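I have placed the structure first, in the form of structure tokens, so that the comments after it can refer back to it.
Along the sequence shown, residues are numbered consecutively beginning with 1. These numbers were taken from a predicted model, which means no experiment stands behind them.
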Amino acid sequence: MTASHSEVWTRLSFFGGVFVAMALWEFLAPLRPSSTSKVKRWSTNLALVGINTLVLRLLFPSAAVGVAWLSAHRGWGLLNNVGLPFWLSFTASVLALDFVVYLQHVLFHAVPAFWRLHMVHHADLDFDVTTGTRFHPLEIVLSMLVKTAAVVLLGPPVAAVLGFEVLLNATSMFNHGNVRIPPAIDRILRLVVVTPDMHRVHHSVVPVETNSNFGFNLPWWDRLLGTYRAQPRAGQLGMTVGVRQFRDPERLTLARLLALPFVGEIGSYAFGNAAAKSVEFETRG
Ligand SMILES: [Zn+2]
Ligand SMILES: [Zn+2]
């Protein structure tokens with residue numbers, strides 16, 4: 001089964017709508033000034049969106065939604081074999097898929113080969129709506145494989161998978177926004193959704209801050225599993241965004257980003273490794 005026109009249309013209009021809304025918000029009320037050429041960053045990040053969209057269409061024409069449809073028809077997966085009411089399987093599926101995406105993100109920080117791919121997302125020298133769409137094509141392919149496996153095992157309703165994917169796309173652009181949200185409102189918002197101030201901590205050059213706030217939609221997994229960090233030590237305006245070993249914009253062009261996982265220095269990346277701990281210690285002093 002290939003993705004239907006209405007599904008493609010739903011995704012595209014959501015992507016376009018949220019993107020334009022966030023870009024406008026960033027233009028009207030930016031939080032941080034740009035540290036590098038915005039034209040260059042935006043053209044690189046949006047070119048990656050184009051490449052990733054093409055790669056996904058070619059490799060996974062039916063995507064996770066198609067696999068959910070197939071699973072429903074073949075009776076694959078847990079939820080296709082238990083008679084739960086629709087609202088309950090819908091809610092359970094969205095929660096489960098969000099947890100899988102959280103775990104996968106932790107894995108991308110913990111396994112050296114995966115971190116090499118994920119460095120492309122973190123090496124952005126600024127943090128804005130386009131950062132939320134900037135991923136190495138191989139990371140996108142791996143994510144799709146993980147999501148497909150989760151869908152086959154779980155057997156979620158097709159609507160839940162479509163809803164989740166559209167939601168993830170929208171929240172990823174929202175929580176990478178370079179936007180000012182009053183702290184009082186941010187505190188309430190981050191009880192139910194990952195806010196830009198919460199996810200920005202994850203883009204800090206300080207390893208212990210990079211290795212926190214892995215959630216994309218729901219902020220609860222970080223709080224439950226001890227990876228939550230409220231604010232960067234240097235503050236939202238004083239913190240440095242990016243990866244310590246990639247500070248030169250010349251090294252972050254489209255071609256060099258595509259090659260980065262294979263040639264770039266891995267740095268003190270990993271969740272809990274000794275090098276990351278010593279960097280944390282230095283920055284404390
Ligand atoms: Zn990350
Ligand atoms: Zn991010």
Side-chain angles (χ1 to χ4, degrees), residues 18-46 105 109 118-135 170-219 222-223 227-252 257 267-269 276-277 279-285:
V18 177
F19 185 87
V20 170
M22 288 308 299
L24 256 178
W25 189 0
E26 287 181 348
F27 178 72
L28 295 172
L31 181 75
R32 294 161 54 94
S34 290
S35 67
T36 177
S37 157
K38 196 163 174 163
V39 175
K40 280 190 189 160
R41 278 188 54 250
W42 276 47
S43 31
T44 305
N45 293 355
L46 293 178
H105 191 183
H109 279 250
H118 191 54
M119 286 193 309
V120 170
H121 179 64
H122 279 270
D124 209 349
L125 294 170
D126 285 312
F127 175 92
D128 67 20
V129 58
T130 64
T131 313
T133 62
R134 166 189 165 123
F135 292 95
T171 51
S172 183
M173 283 188 276
F174 166 68
N175 60 39
H176 286 89
N178 181 32
V179 292
R180 233 176 294 147
I181 297 178
I185 296 179
D186 178 86
R187 266 198 297 278
I188 298 167
L189 271 181
R190 68 164 77 182
L191 295 175
V192 287
V193 70
V194 175
T195 63
D197 278 7
M198 181 176 162
H199 190 67
R200 198 177 294 105
V201 179
H202 183 73
H203 280 259
S204 159
V205 291
V206 181
V208 74
E209 291 176 351
T210 317
N211 289 322
S212 64
N213 299 1
F214 294 96
F216 273 108
N217 275 321
L218 300 170
D222 283 299
R223 297 200 189 231
T227 51
Y228 176 71
R229 189 170 287 265
Q231 298 293 339
R233 208 167 291 146
Q236 295 286 350
L237 293 171
M239 68 180 280
T240 306
V241 164
V243 177
R244 208 176 288 269
Q245 65 271 32
F246 306 118
R247 307 300 305 160
D248 176 8
E250 290 309 307
R251 289 193 66 186
L252 302 171
L257 277 183
S268 51
Y269 65 95
K277 287 235 163 66
V279 176
E280 174 192 356
F281 203 67
E282 273 165 39
T283 51
R284 251 184 208 157

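Below 30°, between 30° and 60°, or above 60°: for H202 and H109 the angle between ring planes is between 30° and 60°, a tilted geometry. In this structure, H199 and H105 have tilted ring planes: the angle between them lies in the 30° to 60° band. Between W42 and F19, the ring planes lie perpendicular to each other; the angle is over 60°, past the 30° to 60° tilted range.
For the atom pair D197 CG and D186 CG, the distance stands at 4.5 Å (nearest 0.5 Å). Put simply, CG on D128 and NZ on K38 are 5.5 Å apart, with the number rounded to the nearest 0.5 Å. Taking CG from L237 and CZ from R180, the interatomic distance works out to 9.0 Å, rounded to the nearest 0.5 Å. The structure places CG of L218 at 12.0 Å from CG of L191, a figure rounded to the nearest 0.5 Å.
Annotation: side-chain hydrogen bond (donor to acceptor under 3.5 Å, both in side chains) contacts of R223 (sequence neighbours excluded): Y228. Residues passing the side-chain hydrogen bond (donor to acceptor under 3.5 Å, both in side chains) test with N217 are D98, T171, sequence neighbours excluded. Under the rule for a ring pair (Phe, Tyr, Trp, His ring centres under 6.0 Å), the partners of F135 that lie at least two apart in sequence or sit in another chain are H121. Listed by chain and number, the residues in a side-chain hydrogen bond (donor to acceptor under 3.5 Å, both in side chains) with N178 amount to none (sequence neighbours excluded). Partners of P232 under the side-chain contact (heavy atoms from CB on, under 4.5 Å) rule, at least two apart in sequence or in another chain, are V201, E209, Q236, M239. Partners of R187 by side-chain contact (heavy atoms from CB on, under 4.5 Å), not counting sequence neighbours, listed by chain and number: P183, A184. Taking the salt bridge (Lys or Arg N to Asp or Glu O under 4.0 Å) definition, one finds that R247 meets it with nothing, sequence neighbours left out. Applying the salt bridge (Lys or Arg N to Asp or Glu O under 4.0 Å) criterion to R134, with sequence neighbours excluded, gives D124.
Counting only heavy atoms from C-beta outward, the side chains of L257 and F246 never approach each other to under 4.5 Å. Within the 4.5 Å cutoff, the side chain of N213 has no heavy atoms near those of the R200 side chain. Side chains of V193 and N175 form no contact here, defined as non-hydrogen atoms less than 4.5 Å apart. Using a 4.5 Å heavy-atom cutoff, the side chains of H176 and H203 are in contact. The closest side-chain heavy-atom distance from K40 to L252 is not below 4.5 Å.
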Check: Yes or no on side-chain contact (heavy atoms from CB on, under 4.5 Å) for V243 and T210, after CA distance, side-chain angles and deciding distance?
Finding: CA-CA 9 Å; V243 177; T210 317; over 6 Å; no
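Nearest heavy-atom pair, D222 versus M198, reported as atom, atom and distance to 0.1 Å: OD2-CE, 3.8 Å. Closest approach of S172 to G132, counting heavy atoms only: OG-O, 3.0 Å.
Using modelled atom types, no side-chain atom of R190 and backbone atom of P196 make a donor-acceptor pair closer than 3.5 Å.
Residue pairs meeting the side-chain hydrogen bond (donor to acceptor under 3.5 Å, both in side chains) criterion with at least one partner in residues 26-36, sequence neighbours excluded, are S35-D126.
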